[in-house]
Amino acid sequence: MQRRKFLQLSSLSVAGLSIKKNNLSFTEIRKPIVVATWDAGIAANKAAWNVLKNNGRALDAVEQGVMVTESSQNCCVGLGANPDRDGFVTLDASIMDENFNCGSVAFLERIKHPISVARKVMEKTPHVMLVGSGAQQFAVAEGFTLEEQKLSDDAKKSYENWLKKNEYKPVINIERTEGGHGPFAPAQLENGEWNHDTIGMIALDVKGNLSGSCTTSGAGFKMRGRVGDSPIIGAGLFVDNEVGAAVATGQGEDVIRIAGSHTVVELMRQGLHPEDACKKTVERIIKAKGIEKCKQIQVCFIALNKKGEVGAYALQKGFNYSVCYADDYNKLLDSKFLI
Ligand code: ASP
């Protein structure tokens, strides 16, 4: 009894926070809180935090957060991102609230904020998903501007480099943001070999409600018409307000195959800590695909439960994620990995 009391007191003395396996686990419900993939998540979290700290809704936070990333011409998602093999930027996005309401768009062109179109699909149509020219037509009808079809300078350079070799080969950990990700990113960026471009964000608001968002240009130099996991509810994103939320980044095809984010949430429902739920889900990908093939790809998950506990796991080294729960706490953490 005495010892338990002592342990409780010592963990409370670090601001109610205890560290579990490199991740955050709290002795009391930590809310509001927002978590996003990669280092682009730091800027995105700032915008989301502004909503959350003013008692805003998690849904508004995850929309406004990733809009920052979508707006950045030199970043990993949105119209400044890398094109498909035919030289066109095509965007996928999804959003989900605390009541299983969800909306998504895929293969959307010339619209700056696909996440907001996804939200409109959720709120203004009887459907969950719109794609291609239909999604664009809906966006324009809703007042979104049809932007010029033009590659950003960086994307143009990378596409021209890619055209020289003209082969589609996934490269792990080459997410395109300012500075890039992973140990090889800057050189790969130079060579135009980066190829995944996503931000995923999950948040818990003051009222204890969860929401999530995910927005991407998909795999770089993908086949025209290719859609990844990010707009697929249950694969790239899933939220169950009783349990938790999860979002994925990396090789979308392999996330879809195991309904990745839904799997993470279901494992949390069984009582697993978010980190353990992410780890088990990554293990499932290895089981499905085999270890050798997994060495060629990257897949990563982040998760947040109802208590405000956070976790992440990746197949390969190099994944990081951003956690924000105070004006002075918005930090980039390294994920654990299996291979
Ligand atoms: N998951 C995304 C896709 O496959 C890409 C990424 O995360 O970078 O479309």
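Indexing begins at 1, ligand by ligand and atom by atom, following the structure's order.
Counted by atom type alone, Ser213 and Glu63 present zero donor-acceptor pairs between their side chains at under 3.5 Å. Remark: the Gln149 side chain and the Glu109 side chain contain an N/O donor-acceptor pair separated by less than 3.5 Å. Between the side chains of Ser322 and Trp38, not a single donor N or O lies within less than 3.5 Å of an accepting N or O. For the residue pair Trp162 / Asn82, no side-chain donor-acceptor distance below 3.5 Å is found, with atom types taken as modelled.
Taking a cut-off of under 4.0 Å to the non-hydrogen atoms of Gly228, the atoms of ligand 1 that pass are 9 (O). Every atom of ligand 1 is numbered from 1 in the order shown, and the set under 4.0 Å from a heavy atom of Gly250 is 1 (N), 2 (C), 3 (C), 4 (O), 5 (C), 6 (C), 7 (O). Counting the atoms of ligand 1 from 1 in the order shown, those under 4.0 Å from a heavy atom of Asp229 are 1 (N), 2 (C), 3 (C), 4 (O), 9 (O). Below 4.0 Å from some heavy atom of Thr249 lie the following atoms of ligand 1, by number and element: 6 (C), 7 (O), 8 (O). Counting atoms of ligand 1 from 1 in the listed order, those under 4.0 Å from a heavy atom of Ser230 are 1 (N), 2 (C). Against a heavy-atom cut-off of under 4.0 Å, Gly218 is close to the following atoms of ligand 1: 9 (O).
Ligand 1 has a nitrogen or oxygen under 3.5 angstrom from a nitrogen or oxygen of Arg226. Any N or O atom pair closer than 3.5 Å counts here, and Asp92 shares no such pair with ligand 1.
Taking 4.0 Å as the cut-off between side-chain N and carboxylate O, Arg119 and Asp97 do not count as a salt-bridged pair. Electrostatic pairing of Lys222 and Asp84 does not count as a salt bridge here, judged by no charged N lying under 4.0 Å from a carboxylate O.
When heavy-atom distances to ligand 1 are checked against a 4.0 Å cut-off, Gln298 has no atom that comes that close, whether in backbone or side chain. Looking at Ala248 against ligand 1, nothing comes within 4.0 Å, counting heavy atoms.
Between Glu253 and ligand 1 there is no heavy-atom distance shorter than 4.0 Å.
Stacking of Arg85 on the aromatic ring of Phe221 is not recorded, the 6.0 Å distance cut-off and the 45° axial limit not both being met.
Between Phe238 and His262, the ring-plane angle classifies as perpendicular under the 30° and 60° cut-offs.
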